[in-house]
A.B. asks: 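Okay, handing you the structure first.
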Amino acid sequence: MAETAQPATCVVEYDTLTPMAKSVATDKPDTMHELKLEKLEPGTNYFYRVTCTTADGAKIAGEILTFQTAVGEDDAWSFAVIGDTQRNPAVTAKIAKLMWERRPHFAIHCGDVVDDGANKAQWVGDLFAAGNKLFSRVPLYPCIGNHEKNHANYYKYFALPKPEYYYSFRYGNAEFFSLDTNTLRSISIQPGGEQYDWLDKALANSKAAWKIVFHHHPVYSSDADDYGNTSKAKSTNGDLRLTALGKLYEKHDVDLVFNGHIHLYERSWPVRGGKVDAERGVTHITSGGGGGRLEDFGPTPTWFKAECRVDYHYCYLSVQGGTLNFKAFDQEGRLFDQYSKRKR
Ligand SMILES: [Fe+2]
Ligand SMILES: [Fe+2]
């Protein structure tokens, strides 16, 4: 994806070495450019450069950048997690830099990528400019948050598999499932709904060793006031619209669920049937620390909470065969949580 201020045609040169011999081009002038590079070798490093030309012949050429195609089933791989960047480019830049320093194979975003999906300046300036180094070299897979407002910008700035508001992708020995849990799609995530039924089938058919789901809203949360004000009343400790999804994850032995929306960090114990189940439970991780104003936890611990922290942060996971290592780092790059999961 590339964007220019004026209508232009766009060429992407690419190859495994420089000077680059291959290229693809758009056929008519536009301000938004989406080009597909096909027949790439898996697990291979590529160079690429984007050059755009306006009708009056002015050329804008980007620097030579890099990407790596997805690794194979038996390779080791890694990914980073960020959420709720909202509108805080100073913090987003700091977190994106730390993510980039770990050289993840790709990144996922738990939604609320901007504060106002309709505001172009936030996409261009607060999100993409702040995270440029990471986003120009590392694929980013988002899920849509409430602050995107289901605006066309979300679908314009991200090239996602259809129908875009939900999708799945394979990477290494894992499969990822991205859902839209916004109010507009509340019916879609209940049994009989489009996303729910798709996910039920997709999880049942998945041959991947690791199954990871991500969406914006939490099935479980120890937050202070999003699900009942804990200073004077009970909390439902999560979004009840997602209760059925939570059960579906248990039915299909999903390993990890990532969400944002709550501007905090929380990792649950593995849960199953409303109880901690260290052997067969599903781990839920709230990672909403990419820049949005920090929230707080309720005053008393919940039954599912393993770790929690109020700070800007990101997560980093590395996977090799049946071993998954999870780490969470704060905005100064300090490790504050980790755990591992092994399977045969
Ligand atoms: Fe948010
Ligand atoms: Fe949100």
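Just follow the structure's listing: the first ligand is 1, and inside any ligand the first atom is 1.
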A.B. asks: Once the angle between the rings of Phe128 and Phe135 is folded into 0 to 90°, is it parallel (under 30°), tilted (30 to 60°) or perpendicular (over 60°)?
C.D. replies: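 The arrangement is perpendicular - the two ring planes meet at more than 60°.
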A.B. asks: So, Tyr265 versus Phe336, ring centres under 6.0 angstrom or not?
C.D. replies: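 Centroid distance Tyr265-Phe336: below 6.0 Å, so yes.
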A.B. asks: Report the residue from Phe176, Phe169, Phe258 that forms a ring pair (Phe, Tyr, Trp, His ring centres under 6.0 Å) with Tyr141.
C.D. replies: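 Output: one option passes, namely Phe169.
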A.B. asks: Is there any ring-ring contact (aromatic ring centres under 6.0 Å, His included) pair reaching into residues 18-64, and which pairs are they, with sequence neighbours excluded?
C.D. replies: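 Only Tyr46-Phe67, Tyr48-Phe67 qualify under ring-ring contact (aromatic ring centres under 6.0 Å, His included).
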A.B. asks: Which pairs, with at least one residue in residues 272-298 and sequence neighbours excluded, count as a side chain to side chain donor-acceptor pair (under 3.5 Å)?
C.D. replies: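 Listed by first then second residue: Asp253-Arg272, Asp253-Arg280, Asn259-Thr286, Ser287-His313.
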A.B. asks: Protein N, O or S atoms less than 2.8 Å from the Fe ion (ligand 2), ignoring waters?
C.D. replies: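 The answer is Asp112 OD2, Asn146 OD1, His216 NE2, His261 ND1.
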A.B. asks: Mind jotting down which residue pairs meet the salt bridge (Lys or Arg N to Asp or Glu O under 4.0 Å) criterion with at least one end in residues 213-226? Sequence neighbours excluded, please.
C.D. replies: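 Applying salt bridge (Lys or Arg N to Asp or Glu O under 4.0 Å) to every pair that reaches into residues 213-226, excluding sequence neighbours, yields nothing.
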